[in-house]
Peer 1: 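Sharing a structure with you now.
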Amino acid sequence: MIRSPEFQAKFKTLFENEKRRLLFSGRSATEKFAIKSDDLMDEVDFTSFQIENQMRMRLATREALYLKKIEEALERIRAGTFGRCERCEEEIELRRLEARPTTTLCVACKEASERKEKLHIDGHAHKSLGRQIKFA
């Protein structure tokens, strides 16, 4: 099922549409970040402008990272590896791919990865993670 041409075409179309949307929205980024003389009326306006610009920059960064993930997914489609877990090489469930199309891990490997992330740098479980709070 995962390797079917219909499956590949469905996700390829999805990724290409998302890529076009992101690239189009990025074209107007220079307009979004431009300082207009009306924005610099006083310190409060300038501060507000700076905060808005920081939010726009965060969004632009997130979109750039998402675009990179889309490019990588398109490459996996071209290579014939899309829909396979990069760790265990089992097929990723269709429901997971539909929920998170750029994923590279099956649910089991993602959960294992998240458990590993919860370990402290020195290899020990963080003290607050393993404790259960008991109520009387």
Side-chain angles (χ1 to χ4, degrees):
M1 176 180 87
I2 294 261
R3 301 278 181 179
S4 74
E6 296 83 19
F7 171 86
Q8 301 290 331
K10 172 186 171 180
F11 281 95
K12 183 177 180 188
T13 300
L14 173 88
F15 292 134
E16 288 173 344
N17 289 339
E18 277 295 289
K19 181 178 173 181
R20 272 193 293 280
R21 182 187 66 79
L22 289 170
L23 290 174
F24 178 75
S25 72
R27 288 189 187 132
S28 62
T30 53
E31 297 168 11
K32 291 176 188 175
F33 296 111
I35 298 176
K36 299 174 189 130
S37 59
D38 295 345
D39 293 332
L40 306 176
M41 296 178 75
D42 60 21
E43 289 180 28
V44 173
D45 289 337
F46 183 70
T47 301
S48 176
F49 172 79
Q50 286 182 315
I51 291 169
E52 286 178 27
N53 250 7
Q54 288 174 348
M55 294 299 288
R56 287 187 194 115
M57 285 296 277
R58 285 187 191 130
L59 180 59
T61 300
R62 289 181 74 168
E63 287 178 345
L65 292 171
Y66 184 48
L67 183 60
K68 183 177 185 243
K69 287 182 176 188
I70 288 171
E71 289 287 350
E72 291 168 351
L74 286 167
E75 182 55 38
R76 287 192 305 278
I77 288 173
R78 284 189 284 276
T81 59
F82 179 78
R84 292 223 171 265
C85 178
E86 68 180 17
R87 290 220 180 118
C88 69
E89 298 184 9
E90 294 293 321
E91 286 189 357
I92 299 171
E93 280 187 37
L94 181 59
R95 289 184 339 183
R96 177 155 170 76
L97 286 170
E98 288 173 338
R100 191 177 258 331
T102 59
T103 190
T104 59
L105 299 175
C106 67
V107 172
C109 289
K110 181 62 177 172
E111 287 173 349
S113 173
E114 288 174 352
R115 279 191 302 275
K116 194 179 230 183
E117 286 175 10
K118 289 181 181 178
L119 291 178
H120 226 287
I121 291 174
D122 63 4
H124 296 93
H126 194 280
K127 292 178 184 177
S128 64
L129 292 176
R131 290 187 188 165
Q132 296 285 329
I133 299 175
K134 294 182 182 180
F135 296 99

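Please read these numbers as outputs of a predicted model, since none were measured by experiment.
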Peer 1: Quick check: does any side chain N or O of Ser48 sit under 3.5 Å from a backbone N or O of Val44, one acting as donor and the other as acceptor?
Peer 2: no

Peer 1: Would you please name every residue forming a side-chain contact (heavy atoms from CB on, under 4.5 Å) with Thr104, sequence neighbours left out?
Peer 2: Arg76, Glu86

Peer 1: Answer yes or no: is there a side-chain heavy-atom contact under 4.5 Å between Arg100 and Lys69?
Peer 2: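 Arg100 does not reach Lys69 side chain to side chain.
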
Peer 1: Using the side chain to side chain contact (heavy atoms under 4.5 Å, CB included) rule, take Thr103 and Lys110 through it: C-alpha gap first, then chi angles, then the decisive distance, then the call.
Peer 2: CA-CA 9 Å; Thr103 190; Lys110 181 62 177 172; 6.0 Å; no

Peer 1: Should Glu72 and Lys68 be marked as a salt bridge (charged side-chain N to carboxylate O under 4.0 Å, His left out) after you check the CA-CA gap, both sets of side-chain angles, and the distance that decides it?
Peer 2: CA-CA 6 Å; Glu72 291 168 351; Lys68 183 177 185 243; 3.3 Å; yes

Peer 1: Is the shortest heavy-atom distance from the side chain of Met57 to the side chain of Gln54 under 4.5 Å?
Peer 2: no

Peer 1: Please evaluate residues Leu67 and Glu63 with respect to the criterion side chain to side chain contact (heavy atoms under 4.5 Å, CB included), reporting the C-alpha separation (whole Å), side-chain torsions for both, the decisive distance (0.1 Å), and the verdict.
Peer 2: CA-CA 6 Å; Leu67 183 60; Glu63 287 178 345; over 6 Å; no

Peer 1: Between Arg58 and Arg62, is there a side-chain heavy-atom distance shorter than 4.5 Å?
Peer 2: no

Peer 1: With rounding to the nearest 0.5 angstrom, report the CD to CZ distance, Glu90 to Arg84.
Peer 2: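 Separation between the atoms: 7.5 Å.
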
Peer 1: Quick check: closest heavy atoms across Phe11 and Leu97, and the distance to 0.1 Å?
Peer 2: CE2-O, 3.6 Å

Peer 1: Is any side-chain N of the basic residue among Arg21 and Glu18 closer than 4.0 Å to the acidic one's carboxylate O?
Peer 2: yes

Peer 1: Could you tell me which non-hydrogen atom of Leu105 sits nearest to which non-hydrogen atom of Cys85, and how far apart they are?
Peer 2: CA-SG, 3.8 Å

Peer 1: Can you tell if the side chain of Ile70 reaches within under 4.5 Å of the side chain of Tyr66, non-hydrogen atoms only?
Peer 2: yes

Peer 1: Are any side-chain N or O atoms of Ser113 and backbone N or O atoms of Cys109, one a donor and one an acceptor, separated by less than 3.5 Å?
Peer 2: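 No: the side chain of Ser113 does not pair with the backbone of Cys109.
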
Peer 1: Any donor-acceptor pair under 3.5 Å linking the side chain of Arg87 with the backbone of Cys106?
Peer 2: no

Peer 1: After noting the C-alpha distance and the side-chain angles of Arg78 and Glu75, does the key distance pass the salt bridge (charged side-chain N to carboxylate O under 4.0 Å, His left out) rule?
Peer 2: CA-CA 5 Å; Arg78 284 189 284 276; Glu75 182 55 38; 3.2 Å; yes

Peer 1: When rounded to the nearest 0.5 angstrom, what distance separates CD1 in Ile92 from CZ in Phe82?
Peer 2: 7.5 Å

Peer 1: If the threshold is 4.0 Å, N to carboxylate O, is there a salt bridge linking Lys10 and Glu6?
Peer 2: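 Salt bridge: no.
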
